[in-house]
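Only one structure is covered here, and it is reproduced in the block below.
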Amino acid sequence: MKRIFRTGIAAALLVGSTTLAHAGLVDYTAGTGIATSPHNMNLYLPIASSGTNTGDPGHQICKFCHTPHNAVATGQSGYNPLWNRNQVTQNFLPYNGLLAADYMTDPTFLEKSETLQAVIDPADMMDGPSRLCMSCHDGTTAIDSYSDKMGSFTPTSSRVVLAPTGVSPAGDTGGNLMDDHPIGFDYNLVAAQDSKIHSANVNIGWIPASDRKCTQISELLYKGNKLTCASCHDVHNTAAKTADKPLLRVKAEGSKLCLTCHDK
Amino acid sequence: MNCRIPCFCGAMPRLFITLFLLTFLSACAAAPQTTTIFFPPAPDAPHVQYLTSISTVRDIRSSLFAGEPGPGEKIAKPYGIAVTAGKIYISDVPFARVSIVDLVEKEFKQLPQGILKTPINIAFDEKGAVYVADPGTKGIVRFTYDDQITHFPTGEIKPTDMAARGKELYVVDYRSSSIKIFDIESGTLLDTLGRDSSKGEVLSLPTNMAIDKEGNIYVTNLGTCRVIKMDRSGKLLKAFGELGDRPGQFTRPKGIAVDDNGLIYVVDAGSQVVQIFDQNGQVLMFFGEQGSKGGTLNIPADIAVTRENLDYFRKFADPSFEVEHLIFVTNQSGPRKISVYGFGHTKPIIAANKTAQK
């Protein structure tokens, strides 16, 4: 099996005091940084453990998602897979999409959406940041961390899982993101075929600058072309960058977020 | 697969010949895949083989009878999986339903719908009742064998997984990072485990659990990226794992299972592998990983280890590989919803021949 070494992103951000750990998850302020946002797991842990777990001992934030890359430690007891002796020098590849070589040799998964003029490959639609999001927003960790129900632990709808179509009125298909919340497609391909989609490489002049924290659509795309969860969501609640709740890059009011791409 | 088409004499009406041809050709078309995917890959001795996947009813029917799957005959985004009486139960989160894959009748069914909101994991008790952890209704829904549906009285919790043992129901409460043990009949809370640091490491954002045949409890913890094994009293017996990208480490530990030999299987949704550990917490191997090919995993969630339906799935195994039990893993994304693996060993006579050839 072809494997690739990849240097992970080491996490190093140290957060302040433990009092922070008891801040609520609901009342965060858009654009104030990740430390006070719902994506700081150190805020989540005490709530989920009635205060007895104060989170990561060093209160590191990044490492929950930017997995520490640990060096190979041959001979270290417990960390050498006894039955995979020929792969003990390998690390796992978290959060990456599939290998291009795999995709090219087995393109049978290609499916074409009826409404979207792009091809979404279900095998790699979670490519890039999306996979990272969906490994928590799957119904356990963050089943209700969606919209205004952030951290409430009281989901009220089957649609709150960041997925997909839910029970469609027609009772058909569903289950992938193709129907109503598409991700994982080549934006430039869509823009080229659909006149109602803005080009990715022009300045977004049609949305007031004060309502968005981006200049061009291309900034929002993974590797310059793929639309992901992070295209619309500023998951880091970047200081002075997040435009709106819930962690949005463009204000939702007046459907400005939609109209950033859709020329309608 | 060797496919023989019988020779018919000319008196046979053409229609029947066509039908027969269709039947046999279809059988050939539905033949098990020929590419053999072993874990670990050669030259290491194989312990796990990827066998097949199940995403719609077409995956369990021969192509002759397989039409377009109906609304209830496909899996959208599965999380939990459990097997009982030969049937595979799968929670399909966006559809808010639990689907039942019946390999004998070759059909998909559902538990009664309209009750569950966000079904996550599934468990069974000795009387055949099905329990579904449903954070959407803030509790557990019980479907008894005689079609009674009740909300198991857990109080305000966020249940993510359960296991029944004897007269007790063990529930993972994500909200309080604990295991709550209820009387399975009365619903009385008997015990809360995993919060007493004097008994060992406390739980931290637990999502999934398993029970071994001795009654010990295994829990995956997202907060600490550790697997914690404790006894019925909550005493820590073993804890292993840490955050990281090396074998033996976790990024998003989710589903967990323990087989009869005590091997511990841990699903990681982040690195998209299943790692197998012994009782000392020593990692033995891993399988899955990213990619589009068969055998890979795609945001995997839960796992079930079973000896049921062995005969059904053995036809997918390599002739040299003896499947001892099956491993089912749910994929929350990608084209394969349920990946089916066989755990086993190379058949002795073949292994002996290989040694002789060397």
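Each chain gets a letter, A, B and so on, in the order the sequences are listed, and its residues count up from 1. The structure presented is a predicted model; accordingly, all values stated were derived computationally and were not measured.
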Evaluate the ring planes of B:Phe343 and A:Trp83, with Trp represented by its six-membered ring, and classify them as parallel (under 30°), tilted (30 to 60°) or perpendicular (over 60°).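 It falls in the tilted class, 30° to 60°.
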Which residue out of B:Thr207, B:Thr160, B:Asp92, B:Leu243 racks up the most heavy-atom pairs below 4.5 Å with chain A?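 The answer is B:Leu243.
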Kindly indicate whether the side chain of [X], heavy atoms from C-beta on, has any atom under 4.5 Å from the side chain of [Y].
X        : Y        : answer
A:Pro81  : B:Leu284 : no
B:Leu222 : A:Met41  : no
B:Gln282 : A:Leu82  : yes

Output the distance between atom CZ (B:Arg252) and atom SG (A:Cys65), rounded to the nearest 0.5 Å.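 With rounding to 0.5 Å, CZ (B:Arg252) is 4.5 Å from SG (A:Cys65).
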Minimum heavy-atom separation for A:Ser135 to B:Ile299, with atom names?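 Heavy-atom minimum between the residues: CA-CG2, 4.1 Å.
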